[in-house]
Amino acid sequence: MYHYTELGEVNTKDMFRKAYEEGYAVPALNFISIEQFNAIIDAVIEKRSPVILLASPNLHRQLGYEILARIVQSGIDRIHGCGLDIPVSLHLDHGMTFQHCVDAVEFGFSSVMIDGSALPFEENVALTKQTVEYAHRHQVTVEAELGVLSGAEESGDGEGNGESLYTDPHQVEEFVKRTGCDSLAISIGTCHGLVKIKPDPDGNLPELRYDILENVMRRVPGFPIVLHGASAIDPRFVDMINAYGGRIESVAGIPEEQITKAARMGVCKVNIATDGWISALANTRKILAENPQAIDSRIFTLKNRELLKEIYLHKIDVLGSAEKA
Ligand code: 13P
């Protein structure tokens with residue numbers, strides 16, 4: 001057990017204050033492999049961007065908390081070794097129970113999400129408040145969620161149904177006041193997974209509900225707002241997956257200019273998982289198909305790191321966080 005400061009992390013408080021004041025969003029990037037983690041660190045070093053590393057409860061089941069913390073520490077050491085002081089937070093993505101959050105705090109996470117969004121309002125308030133009271137005793141920041149995003153939050157490899165229950169701006173002020181949470185994920189039309197939005201009959205993609213975002217921000221001025229489900233789903237990678245044996249039928253991501261607009265309006269943190277996963281998987285399928293004699297996974301892991309780095313460099317530009325460390 002150890003505190004996140006021992007690993008060189010910071011919590012999200014100052015990251016969000018600066019992001020809000022300067023009109024950009026901090027990239028919050030899920031990783032599920034060492035090469036993906038290394039690619040994130042490569043990109044933030046090159047761009048001098050703050051970063052939030054997202055680990056879901058699935059990831060710590062895969063790796064164990066102890067190893068996860070040490071991986072993050074190794075990335076921070078590498079940043080310091082370059083003479084840089086980039087703010088890094090390890091954040092629990094979609095903690096579903098109070099115990100998930102306790103485990104994370106005890107193993108070096110500087111920030112946790114308690115996701116009570118599927119619960120009735122009062123139960124979400126109670127669970128969030130309990131988590132905040134515990135986490136704040138350890139100087140760990142807490143993200144909560146109000147409004148429901150559809151899609152595969154846990155694994156990210158399922159399909160969303162394109163419907164979301166938008167956040168009710170009238171509930172936000174009361175929720176923030178009563179829970180004491182440090183940031184809030186809201187639902188304005190983004191969605192986890194591969195199918196986020198449906199084109200209208202003329203083929204036009206709907207816009208995010210900026211009116212809801214504005215309304216929320218008016219009610220809690222300066223309070224950090226978070227967007228989940230923000231992947232763009234590049235059809236090139238979907239086509240590549242299908243060309244090499246996959247079967248993914250329909251996709252529709254969030255156009256990146258809509259995410260840039262939300263970041264400029266005051267969204268402080270944007271979560272991206274699926275864009276990383278599909279690009280690495282597409283690349284892996286292609287390389288394996290082209291090298292049927294391969295017996296060593298490094299034939300694709302090294303190439304995946306390069307590809308993922310390019311993707312994260314681009315995402316940092318989309319969110320405006322370059323040179324903000
Ligand atoms: P995407 O599925 O759009 O990448 O969203 C990931 C996310 O919000 C994780 O919490």
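Each ligand, and each atom within it, is numbered from 1 in the order the structure gives. Counting from 1, the numbers follow the sequence of the chain as shown.
Contacts between I254 and ligand 1 below 4.0 angstrom, taking non-hydrogen atoms only, are absent altogether. At a heavy-atom cutoff of 4.0 Å, ligand 1 is contacted by no atom of S56, backbone or side chain.
Partners of D85 by side chain to side chain contact (heavy atoms under 4.5 Å, CB included), not counting sequence neighbours, listed by chain and number: H80. E106 meets the salt bridge (Lys or Arg N to Asp or Glu O under 4.0 Å) test with no other residue; sequence neighbours excluded.
Ligand 1 has no nitrogen or oxygen under 3.5 angstrom from a nitrogen or oxygen of D275. Residue contacts with ligand 1: G193 is placed with a nitrogen or oxygen under 3.5 Å of a nitrogen or oxygen of the ligand (distance criterion only). For the pair I272 and ligand 1, the shortest N or O to N or O distance does not fall below 3.5 Å. At under 3.5 Å, a nitrogen or oxygen of H192, whether backbone or side chain, sits near a nitrogen or oxygen of ligand 1.
The pair K47-E323 fails the salt-bridge criterion, with no side-chain N (NZ, NE, NH1 or NH2) lying under 4.0 Å from an Asp/Glu carboxylate O. By the 4.0 Å N-to-carboxylate-O rule, E290 lies close enough to K286 to be salt-bridged with it. Under a 4.0 Å N-O distance rule, the pair E35/K303 does not qualify as a salt bridge.
Using a 3.5 Å distance cut-off with no hydrogens or angles, the side chains of D103 and Q99 do pair a donor with an acceptor. For the residue pair H91 and S89, no side-chain donor N or O sits within less than 3.5 Å of a side-chain acceptor on the partner.
The distance from ligand 1 to the heavy atoms of D93 drops below 4.0 Å at these ligand atoms: 9 (C), 10 (O). For ligand 1 and H94, the ligand atoms under 4.0 Å from any heavy atom of the residue are 10 (O). Taking a cut-off of under 4.0 Å to the non-hydrogen atoms of A273, the atoms of ligand 1 that pass are 1 (P), 4 (O), 6 (C). Against a heavy-atom cut-off of under 4.0 Å, N30 is close to the following atoms of ligand 1: 9 (C). Below 4.0 Å from some heavy atom of S231 lie the following atoms of ligand 1, by number and element: 1 (P), 3 (O), 4 (O). Ligand 1 places these atoms under 4.0 Å from at least one heavy atom of H228: 8 (O), 10 (O).
Only one option out of I272, I40, V270 pairs with K315 in a side chain to side chain contact (heavy atoms under 4.5 Å, CB included); it is I272.
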